[in-house]
Amino acid sequence: MGRSAPLWIQSDGLLLADGRHPDFAELRDFLHGVAELVKCPGDLYTYRLTPLSLWHAAAAGWTADGLLGKLGAWTGNGVPPALAEEVRRQIAVYGRFRLVTREGRLLLECAAPSDLSLARETEEAARWLEAEVDERTAAVRPEGRGLFKQAMAAAGLPVIDEAGYRAGGPLSVAFRESDGTGCPPRLRDYQQEAVDAFVDGGSGVVVLPCGAGKTWVGLGALVRLQCETLILTPNGTSVRQWIRELTLRTTLTSGEVGAYTGERKEVRPVTVATYQVLTRRRSKTGPFLHRGLFMDREWGLIIYDEVHLLPAPVFRMTAELQAARRLGLTATLVREDGRETDVFALIGPKRYELPWRAVEGAGFIARARCTEVRVPMDEAAAARYAAAPRGERPRLAGENPRKAEAVRRLLERHAGEPTLIIGHYLDQLKELADIFSLPLVTGETPHEERQRLYDRFNRGEIRALAVSKVANFAVDLPDASVAIQVSGSFGSRQEEAQRLGRILRPKNSAASFYTLVSDGTVEREFSRRRKQFLLEQGYVYETEWWT
Amino acid sequence: MHEWSDAERWLLRRILAGFGAMPFDGGQLAGWAAEGPWTGAEIRLAIRRLVRIGVLEERSPPWGDRTWRLPAAEAVRWHGVLFPVQADPLPPDEEVWIRRDAAAHRLPLSLELMLVWAALERCGGLPLTRKGGFHRPAAARLAAEMRLTEAELAGVPVPPDIAAGGEEGAAVGVRNGGRDDARDGVRNGARDGARDGARDGGRTASGGLPLQLAMALDLGLECGVLKREPERIAVDPSGLSAWLALGRSEADDALRALLAERYASRDPALFFAACALARFPAGRWFCLADAAGTGADAGALEAWTAFMASCGWLERGSWRGERVFRRKKPPEESDGRIPALRVLPDLEVWVLPEAGLRCRFELERVAERTSADEVFVYRLTQAGCARAKMFGYGRDEVVSFLERESGAPLPAPVEAALADWFAETAPASGVRPSDFRRAARQEGMPTEEKDPENRMSSGPVNRVPPALASRTSSGQVDRVPSAPSIRTRSGREDAQDGLFPGDDLEELFPGIGAVPPSWLRAMRRYHPSTAGLVVQQALAWRTALRLSAGGGEFEFVPLGFERTADRWEARGFIRERKPASDRGPACGGATAGERHGAGEPFWEVRPAFIRSCETAELCILLPRD
């Protein structure tokens, strides 16, 4: 790059770092502790100093002068003064408010009487405050612990929660000495770091790429905390996979692990449930029928798998569950509804994250080659598309009949490789399944049948499988090495990433991800948006024009 | 070479300190003689000589009084000579104790203006109403492109004819001729008036052009980047091309000089402060008190440093209870070998601080800016490409521009996106393609290559005044600047220092032809009544006398004369030129104009009387030309 400093500091707190600089590794380690990684497309990294990241930095022992001095040393131009003031302010505010438990009471301890006044002036927080114990201390209603912290954080007043967590029902659990593969189950270094970061932090989110073993982080936390645990997942398939992993990798017996889904209602020391069942109710305004699962048992740990999918009602329940440790797991902390801040506030801050390409570079997930294949429409389809109302065009573009020819060519190119054909439109998938004689998994496919097909795929009895969006998440198909996305949910970034994630389990050869896009249609722009997350993670898409 | 008299040096200091680049008249001159050891004749002569060698401008309108002024560019040059700065930067290890003011981030003015000028180009110019006023919604949109606020201009006398509320006023004010209009005539109390005007809160956008936009337009017109057409103010392609050929620091230097010349010069104290601050080298912290040590007014220094900080050129702060400042060092500009752009696969473009104006302006045409900060961030979008097409860019040209400036092939997703978007044909709405094409053809990279004749015409930029800034690279301020070389108005070196031309002599000393030559030639003893006439003549001409008394010779400057019966008495002062080494720590007689003559000979004065009975030999002393 020809310049000596590898960092530029923007006045709004964005930190732009040059990944090609010889000292970048050192810079990255520093930034990792004080800023949030926003993205890393190509070899340029964007971080952001946020109140939360600065509070973390303060918690890690950084002083404002020390931090500003270090930032200044990494950049040629110093820290913009207004930003420097903000850094000072945020680091100074950290530690002024603490939640503690004394004689069975939840108390807010403030550094100064004026801080307590400040808390009382924060309307949403003040409603949880009770009588003052002294001029710096007030009682807090225990049921408001989460919402109080949320309100204070929203007002820029971080509360250090030292009130502790309930231990939960004790549970003796360890990793097995052998899981049947001949190798003892063992956490990878980054998984162990993630578990440590979570346990040390209390609650929070771990962000790892698909295929990097997030489930292992959950198992590691469970083994470390030795407590009764509730695991929430997006679907029934995932419930079964969790149960399989729990019983295969740990000393838990099937009698200790229960499934709580639409079909079964087993409440056991470790219970795996779906989000869907928790949000079920008889009428739109009626009570949640299975809320008791949350409240009636002394869970010591709640794991939120694919936390980016957490439904709003579960957020609300979570606010009341601050006494239990909460672990969020995700590959993409990108919520299409923009509620990332709620995840931070109610599950906890991001405790650990590894960029996808970093994990790929270390060989823990497969190297992936991403290709956008542009497929033209034939004349008739193009005419239909042109004449269609705007609202119908995405579907016409997605179902472009000529995509079938492209799929054929790609199947030929990857003959013999385990391949997933993933699509959004069921008619399109059915047609492709017919053309290529493929088994098809959709939401209509019974769970047993789904699992049977997945197992056959994993055993190599099926080389290609057509799947709808039911396979976007939490489906374990470790040998899949080719994914052909024939259509998608408009511009969903997380869907694209999750679909890539289906083929990222480490393997000897590189994985290939194709996304078929109808050229000259609205699908191009959807595709551009869908790719955004993966581009920001450092993936590069090539483009092929299919003729 | 011109030989400088003490009076001329004093006079220049006096003018700089009291008037800056504002005009003054004879009435004001008359009072100055009483401020120093000078005679009125010496002052008159000094004025005459300074006019003759082109340092001062003289205006003699057929009506009204004759006036003079020190042109701003000339004033800037002389300031450094006559008021040398004596200051050391703060030691580097003290800089950790500096608490910088937490002001909002401000771009260097060259970039701030580039953004608003680019926006002006994108919207096809700022439309004027039938009456010549500005289209207010369009003006408001342009003003929104700027980070600079009206409040930040409150301490600076932006020419009121530009800033005046109401469409009529604004329409009249923004034109190239505004400079002369503003300087017409002598305005008594100009200093206070300008400053008061700037601070009275009346110069706001109410009913007129937002002040910051007024400044952007004024500077654009002055630099030739903008032009006024009957129906709008628009970008002048050739002027823009010349401007964009400037380096970043060149552009900022030119703007800084322009601000001093056009704005600060309306307020002598502010102008003095601007000149003083420009002499401090960039990149080091100095105490504001050091700048005040040049004689600059503390309030004016505070106001000008605040304005400079708003222009992104200066930082301010506090150090151990003292106000400190640092002029920012401009980034080293990319020489083309070091890429100034980084194109990211996710369609973002980072513009590094080293990027030049042309590269930045082109991005304004082809991409959408998402951040204007230390690093500018743009996003390549469909709308940006549609706009680029209107400026005459094709896909290949944008690809070539981005690859050249980034020094690397474009990432595949970027290439694909550009191919898609340039394949679309629909132009963006609400723009005037013909304007864009014309502008791009004359200024932009792609068409410039096709049309080399349009490259970098230098005309308008020549109107930019010379840079103000002292470009010393050491940490020390320029302690002993050399005097500017003096040229006459015709540009001829003035080696002549001889007799008065006849007309001048009679004008300077009316009736000199009727005065006995011996009164002027050498000291002689006269009858007391004749001696009284000699003294009265000297008084009439407001010049000095050479006297001998008590065994010594001295110069006496008469200020009053009283006659009673056959006796007379003249009141005045005796003056004596002393070497600099005699200057005591609290030497009397220093005036505003002398404040910074340390190191030079000085004049010691003391009140005195001469009486008819005491006078020995005397003659009238005429200052020599």
Engineer: Counting only heavy atoms closer than 4.5 Å, note whether B/P413 contacts chain A via side chain, backbone, both or neither.
Structural biologist: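 The answer is both parts of B/P413.
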Engineer: Could you look at B/Q382 and say if it's the side chain, the backbone, both or neither that has a heavy atom under 4.5 Å from chain A?
Structural biologist: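 It is the side chain, since no backbone atom gets that close.
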Engineer: Name the region of A/E85, side chain, backbone, both or neither, that has any atom closer than 4.5 Å to a heavy atom of chain B.
Structural biologist: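 For A/E85, the side chain is the part near chain B, not the backbone.
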Engineer: Sequence neighbours excluded, which residues qualify as ring-ring contact (aromatic ring centres under 6.0 Å, His included) partners of B/F307?
Structural biologist: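 Result, ring-ring contact (aromatic ring centres under 6.0 Å, His included) vs B/F307: B/W304.
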Engineer: Relative to chain A, which segment of B/V377 carries a heavy atom at a distance below 4.5 Å: side chain, backbone, both, or neither?
Structural biologist: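 Side chain of B/V377 only, per the 4.5 Å heavy-atom cut-off to chain A.
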Engineer: Do any of residues 316-323 of chain B have a heavy atom less than 4.5 Å from a heavy atom of chain A, and if so, which, in residue order?
Structural biologist: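 Within residues 316-323 of chain B, near chain A: nothing under 4.5 Å.
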Engineer: Would you say the rings of A/F24 and A/Y45 are close, in the sense that their centroids are separated by under 6.0 Å?
Structural biologist: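 Yes: the rings meet the under 6.0 Å criterion.
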Engineer: Hey, are B/E364 and B/R387 close enough for a salt bridge, meaning a charged N less than 4.0 Å from a carboxylate O?
Structural biologist: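 No, no charged N to carboxylate O under 4.0 Å.
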Engineer: Among the options A/D519, A/V540, A/L534, A/V79, pick out the one with the most heavy-atom pairs lying under 4.5 Å from chain B.
Structural biologist: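 Option with the greatest count: A/V79.
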Engineer: Just checking B/F401 against B/Y393, ring centres under 6.0 Å apart?
Structural biologist: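 Aromatic pair excluded; centres sit 6.0 Å or further apart.
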Engineer: Is the backbone of A/S11 close enough, under 3.5 Å, to the side chain of B/E374 for a donor and an acceptor to pair up by distance?
Structural biologist: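 Looks like no, no N/O pair under 3.5 Å.
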Engineer: What part of B/A103 gets within 4.5 angstrom of chain A, counting heavy atoms only: side chain, backbone, both, or neither?
Structural biologist: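 For B/A103, backbone heavy atoms alone lie under 4.5 Å from chain A.
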Engineer: Should A/E525 and B/W421 count as side-chain neighbours, where that means a heavy-atom distance under 4.5 Å?
Structural biologist: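 Sidechains of B/W421 and A/E525: in contact.
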Engineer: I'd like to know if the side chain of B/E152 reaches the main chain of B/T149, judged simply by a donor and an acceptor atom lying under 3.5 Å from each other, with no hydrogens or angles considered.
Structural biologist: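 Yes; judged by distance alone, with no hydrogens or angles, the pair exists.
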Engineer: Filter on salt bridge (Lys or Arg N to Asp or Glu O under 4.0 Å), then keep only pairs touching residues 63-83 of chain A, sequence neighbours left out; what's left?
Structural biologist: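 Non-adjacent pairs meeting salt bridge (Lys or Arg N to Asp or Glu O under 4.0 Å): A/D65-A/R88.
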Engineer: Considering residues at least two apart in sequence or located in another chain, which fulfil the side-chain contact (heavy atoms from CB on, under 4.5 Å) criterion with A/Q90?
Structural biologist: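 Partners of A/Q90 by the side-chain contact (heavy atoms from CB on, under 4.5 Å) criterion, ordered by chain and then number, come out as A/P51, A/L54, A/W55, A/E86, A/V93.
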Engineer: Identify which part of B/D101 has an atom lying under 4.5 Å from any heavy atom of chain A, answering side chain, backbone, both or neither.
Structural biologist: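 Backbone of B/D101 only, per the 4.5 Å heavy-atom cut-off to chain A.
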Engineer: For the rings on A/W62 and A/Y94, is their centre-to-centre separation under 6.0 Å?
Structural biologist: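 Aromatic pair excluded; centres sit 6.0 Å or further apart.
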Engineer: Which atoms of A/L14 are under 4.5 Å from chain B, going by heavy atoms: the side chain, the backbone, both sets, or neither?
Structural biologist: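 Nothing of A/L14, per the 4.5 Å heavy-atom cut-off to chain B.
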